[in-house]
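Being a predicted model, the structure only gives us computed values, none of them experimental.
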Amino acid sequence: MKRPIAILAMLAVLGGCAAYSLVDAKQQTIGGTYTVEPGIQWSKITDDKVEVWTVDGASLEAIRFYSGMEAGDRLFTVSKDVKLPTYDPAMKASEVMEFVVDSIARGGAGNVEGTALRPAQFGTVPGFRFDLSYTSSDGLWFDGLAIGATIDGKLHLIVYAGARQHYFPKYRDEVERMIGTIETT
Amino acid sequence: MTSARATSLLAAAALFVASCAQTGNIQKIEPGERPTIESDEAGLWMQMDRVEEDLQTSGKVVTDPDLNAYVREILCQLDTSYCADVRTYIVRNADFNASMAPNGVMIVWTGIILRAQNEAQLASVLGHELAHYIDRHSLKRWREIRSTTDAAVFFTFATGGIVGILAGFAAYDSIMSFSRDMEREADTRGLTMMRESGFDPRESAKIWQQLIEERDASDEPEKKSAFFSTHPAAKERSETLAKLAEETDNTGTTIGRERHAAVTAPFRRDWLLDELRQRDYGRFEVLLNQLIEAGMEDGELLFYRGEMHRLRGEDDDAEKAIAAYTAATGSGNAPAETYRSLGLMQWSAGRTTEARAAFETYLAAQQDAEDRAMIEHYLQQMQ
């Protein structure tokens, strides 16, 4: 039997034993490729190509900043028994959304849907944006949003998700404001 | 259910049951029978009742009333007398698996219903699981474990690291994998129930053969499916079931392909997507071929054949995807997304005229398309 895992909790442990560090409310550089300017203080853990930021705990809400994803990269790993989709620079926006949605589903979430895929600016770069919803392994509904762009064959992606009740709406405005501050370097 | 809770529940179960495990011959359970409160069996039931409560709110249970009524109807047709004692839960999971807990909780994964080509094949799995309940195999297995190891240590070890929904049942499955004799007993009783309740018992061997074909075509043949991992010697069992079916007086003749197809039609697309998401393209291709060969060919299956080739993206997969999408569009019930995928593949192949036509057809067919803005953006990009 597979071992479904709560997506947010799983992403929270990216980086193994890495400890959280504070993110101050000032411009932050993500992976050397783009910057955002948070308006509040977050806590973060960092892995190779992703930073996970949260305020109340990654099992309740988290924003994940991916930078420089290349061919063959995965959004996360679950276990060696669970084969996850890999990124391909040839993917169109529709296929990037499919890549994200399928990854979340393979991570153990249920009822995963990506909706409202539309063009969006990632800083000054033309990109895409879509909405997410899914249930955790405990049956709790989560909402999310994602915005990204492919620059020189590398995917830069921001995914914010939180429990539909209270936590997603709690930081949504701050996340939207922060998305508005994206600058590619 | 959380990892900690699952582990502590089962460890508690082990401790509880270890303190009062009993010996003696185990008779089959009678309809309506409940274990006496002081028995080790009552301890097993109590713990699985707790796990059942978590299962009910897990978000993985398929609650559609028609589908649940269909599964229950087949179960109750197999043996009316035990119908009220068994509670069936359809769990959204692409793999082929089912399990039977001692308290009457029967879990049927959607991967089984997708793969069953008819009512009789589904009845064969349900009958097999019901036989485990009737013959109290969980209790027998539990007492075998008690006689050979320290149960508390065993439980704690076996549940370590398991997290999330169904953790209790996952741990339970791994511990309570039935012996080969129990599996044979369940096969025999299940086949008898099929025959006596009107189902064609010859379908039982067929579903096993289908699984063997899938396993042999898997991209990861070393990775056993959940069912193979707890049900050994599939080939032997398929052959034995075929032989048993021929030996018995085949009073059962119901196969029920049309009804099964009609009842599962609203769900098949989601279940195929669940399977495709596993990215085991060899296995998926065989599954599609089996369904098509069973007479279920339609635009939906051909669409998924195209999706499989599109996602695999090796050698001549691009052209095969385009061919499958094109065939799907001529089959009547192809989903509108067929045209979107066709557009993406044609665009990638540099055929912008064909891509434009496909995207425009998608937008015309899907007036409320969630991604309309992006598809219109694609069309602008191609100008």
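Checking I104(A), L84(A), D102(A) one by one against R277(B), the side chain to side chain contact (heavy atoms under 4.5 Å, CB included) holds for a single residue, D102(A).
For the pair G127(A) and M374(B), the tightest heavy-atom approach, listed with the atom from each and the gap, is O-CE, 4.3 Å. Closest of all the heavy-atom pairs between K83(A) and Q278(B) is CB-O, 3.9 Å. Minimum heavy-atom separation, T135(A) to G59(B): OG1-O, 4.3 Å.
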Review point. Going through the checks in order, is the side-chain contact (heavy atoms from CB on, under 4.5 Å) test met by L311(B) and E95(A)?
Key: CA-CA 9 Å; L311(B) 289 170; E95(A) 292 161 310; over 6 Å; no

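Only the side chain of E307(B) comes within contact range of chain A, with at least one heavy atom under 4.5 Å from a heavy atom of that chain. The parts of A93(A) that come within reach of chain B are both its backbone and its side chain, each placing non-hydrogen atoms under 4.5 angstrom from that chain. Using a 4.5 Å cut-off between heavy atoms, D131(A) makes no contact with chain B at all.
Looking only at side-chain heavy atoms (C-beta outward), S94(A) and L344(B) come within less than 4.5 Å of each other.
The 12-atom threshold is exceeded at NZ of K49(A), counting heavy atoms of other residues, nucleotides or ligands nearer than 6.0 Å. The 12-atom threshold is exceeded at CG of D24(A), counting heavy atoms of other residues, nucleotides or ligands nearer than 6.0 Å. More than 12 non-hydrogen atoms from other residues, nucleotides or ligands lie less than 6.0 angstrom from CD of Q381(B). For E113(A), the CD atom is loosely surrounded, since the number of other residues' heavy atoms within 6.0 Å does not exceed 12.
When H377(B), R340(B), R279(B), R372(B) are compared by the number of non-hydrogen pairs under 4.5 Å with chain A, R279(B) comes out ahead. Note on P119(A), A120(A), G139(A), P126(A): by heavy-atom pairs under 4.5 Å with chain B, the leading option is P119(A).
Distance alone, capped at 3.5 Å, is enough to place a donor-acceptor pair between the K60(B) side chain and the G108(A) backbone.
A salt bridge is defined here as a Lys NZ or Arg NE, NH1 or NH2 lying under 4.0 Å from an Asp or Glu carboxylate O, and E376(B) with R118(A) fails to meet this definition.
With values rounded to the nearest 0.5 angstrom, E98(A) atom CD is found 8.0 Å from L273(B) atom CG.
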